[in-house]
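Since the structure is predicted, the reported quantities are computational estimates derived from the model, not experimental observations.
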Amino acid sequence: MKPIVAVAAALLSVATTAVRAMTFDCVAEPAQRVQIGTPVTGLLASVAVGRGALVLPGDVVAKLESTVEEANVALAKAQAEADEAVQAQQTRLTLAEADLSRSKKLVNSGSVATSKVEELEANVEIAKRDLDTEKRKILLAQIELQRQQALLDRQSIRSPIKGFVAEQSLRAGEFVRQDSPIMTIVQIDPLFIEAYVPVDLWGKIIVGTHGSIILNQPDQQRRGAAVTVVDKVFDAASGTFGVRLELPNPDDQIPAGQRCQVDFDVQSQATVSP
């Protein structure tokens with residue numbers, strides 16, 4: 001019986017080794033890490049959020065000094081709304097058309113010469129063109145208002161993602177260049193679980209493969225995740241390749257940057273030598 005017991009123990013040992021071989025160390029990383037900057041240089045007037053603050057897409061996180069831009073917008077708005085010239089040309093056209101209409105009625109009786117009618121027709125055409133010119137000026141003024149508003153909007157720095165401020169690099173009163181990040185925002189929903197697995201599992205772990213994640217914080221419960229990226233290049237030194245799983249974190253309760261463990265639902269290839 002002893003040889004049989006020894007073989008059974010060996011089989012159990014190999015099976016245990018195979019199971020353990022399917023569990024790998026991993027790291028929970030933010031889905032995005034964005035350094036927030038500005039398309040223009042200027043003086044940083046205010047910073048609305050600090051380290052640890054939650055921001056949503058479109059939230060204003062900082063503003064540059066914008067006195068000149070605000071004045072330009074006010075001037076462009078006044079010019080775009082100044083329609084007195086258009087109204088004056090419209091009145092002129094209405095009068096010219098009325099004169100022409102009366103003259104056409106009297107031309108048959110000989111009270112008005114044909115040349116006078118032709119002159120009035122020319123006046124109507126000139127009035128129409130003058131009215132079109134004034135309308136075009138208003139249109140150009142509205143376009144200029146949009147341009148000045150766009151320049152003003154660039155003075156407000158907005159968050160492109162939902163996330164948390166991980167680092168604030170500049171503060172109000174400091175000069176900002178186009179290559180100077182104001183702050184860093186990280187997105188932790190979802191989390192990217194980065195792991196390296198042996199090349200023996202190449203072709204067995206594919207996009208869509210289910211994995212089970214154990215994190216230390218906020219607890220040690222298992223969470224399901226799916227593989228979204230499988231590296232196409234091996235690391236020859238370690239004999240591994242990288243995989244990424246996407247772990248939902250809708251309530252932002254799982255901190256990023258922590259170590260974890262992952263195992264996969266794939267068959268082990270371990271065998272027992274006779």
Heavy-atom pair with the smallest gap, counting every atom of [X] and [Y]:
X: Asn216; Y: Arg259; value: ND2-O, 4.2 Å
X: Gln32; Y: Ile161; value: NE2-CG2, 3.6 Å
X: Gly37; Y: Ile157; value: O-CG2, 3.4 Å
X: Ile126; Y: Arg92; value: CG2-NH2, 3.9 Å
X: Gln217; Y: Ile254; value: O-CG2, 3.9 Å
X: Lys77; Y: Leu145; value: N-CD1, 3.6 Å

Got Asp130 and Glu134 here, is their nearest side-chain heavy-atom distance under 4.5 Å?
->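 A side-chain contact is absent here, since even the closest heavy-atom pair is not under 4.5 Å.
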Heavy-atom side-chain contact between Leu245 and Thr228 under 4.5 Å |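 The answer is no, as the side chains (C-beta and beyond) never meet within the 4.5 Å cut-off.
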Take Asp153 and Gln149 through the side chain to side chain donor-acceptor pair (under 3.5 Å) test and state the conclusion after the steps.
-> CA-CA 6 Å; Asp153 290 344; Gln149 185 63 55; 3.0 Å; yes
Can [Y] be reached from [X] by stepping across I, L, V, M, F, W or Y side chains whose heavy atoms are under 4.5 Å apart?
X: Phe192; Y: Val243; result: no
X: Val165; Y: Leu191; result: no
X: Val230; Y: Leu247; result: yes
X: Val199; Y: Val262; result: yes
X: Val124; Y: Leu95; result: no

Derivation and outcome, side chain to side chain contact (heavy atoms under 4.5 Å, CB included), residues Met183 and Val49 | CA-CA 9 Å; Met183 63 183 62; Val49 294; 3.9 Å; yes
Give, for atom [atom1] of [X] and atom [atom2] of [Y], the distance between the pair rounded to the nearest 0.5 Å.
X: Arg136; Y: Leu131; atom1: CZ; atom2: CG; result: 10.5 Å
X: Ile188; Y: Leu54; atom1: CD1; atom2: CG; result: 9.0 Å
X: Leu120; Y: Asp99; atom1: CG; atom2: CG; result: 6.0 Å
X: Leu100; Y: Lys116; atom1: CG; atom2: NZ; result: 11.0 Å
X: Ser46; Y: Arg171; atom1: OG; atom2: CZ; result: 14.0 Å
X: Leu93; Y: Glu125; atom1: CG; atom2: CD; result: 9.0 Å

Sequence neighbours left out, what passes ring pair (Phe, Tyr, Trp, His ring centres under 6.0 Å) with Phe241? Give chain and number order.
->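 Residues passing ring pair (Phe, Tyr, Trp, His ring centres under 6.0 Å) with Phe241: Trp202, Phe234.
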Going through the checks in order, is the side chain to side chain contact (heavy atoms under 4.5 Å, CB included) test met by Val176 and Ile182?
-> CA-CA 8 Å; Val176 183; Ile182 299 172; 4.3 Å; yes
Can Phe24 and Gln261 be said to form a side chain to side chain contact (heavy atoms under 4.5 Å, CB included), step by step?
-> CA-CA 6 Å; Phe24 309 99; Gln261 289 188 320; over 6 Å; no
Taking [Y]'s backbone N and O only, do any of them form a donor-acceptor pair with [X]'s side chain (distance below 3.5 Å, no angle check)?
X: Ser101; Y: Glu97; value: no
X: Gln168; Y: Leu170; value: yes
X: Gln35; Y: Thr184; value: no

Side chain to side chain contact (heavy atoms under 4.5 Å, CB included) evaluation trace for Leu139 with Lys135 | CA-CA 6 Å; Leu139 176 60; Lys135 287 182 177 179; over 6 Å; no
Give a yes or no on whether Phe164 atom CZ has more than 12 heavy-atom contacts from other residues, nucleotides or ligands under 6.0 Å away.
->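 More than 12 heavy atoms, drawn from other residues, nucleotides or ligands, come within 6.0 Å of this atom.
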So with a 6.0 Å cut-off around CZ of Arg177, is the heavy-atom count from everything else above 12?
->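 At most 12 heavy atoms, drawn from other residues, nucleotides or ligands, come within 6.0 Å of this atom.
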Applying side-chain hydrogen bond (donor to acceptor under 3.5 Å, both in side chains), name anything that partners Glu65, two or more places apart in sequence or on another chain.
->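 side-chain hydrogen bond (donor to acceptor under 3.5 Å, both in side chains) list for Glu65, sorted by chain: Thr67.
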Going by atom types only, do Asn249 and Gln253 share a side-chain donor-acceptor pair under 3.5 Å?
->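 Checked: Asn249/Gln253 side chains show no N/O donor-acceptor pair below 3.5 Å.
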Modelled atom types, side-chain donor and acceptor of Gln142 and Gln146, under 3.5 Å =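 No, no side-chain donor-acceptor contact under 3.5 Å.
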Positive for side-chain contact (heavy atoms from CB on, under 4.5 Å) with Phe175, one of Leu64, Thr41, Leu44 |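 That would be Thr41; it is the only one of Leu64, Thr41, Leu44 passing the side-chain contact (heavy atoms from CB on, under 4.5 Å) with Phe175.
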Can you tell me which residue pairs pass the side-chain hydrogen bond (donor to acceptor under 3.5 Å, both in side chains) test with a partner in residues 155-167, sequence neighbours excluded?
->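 Sorted result for residues 155-167: empty, none.
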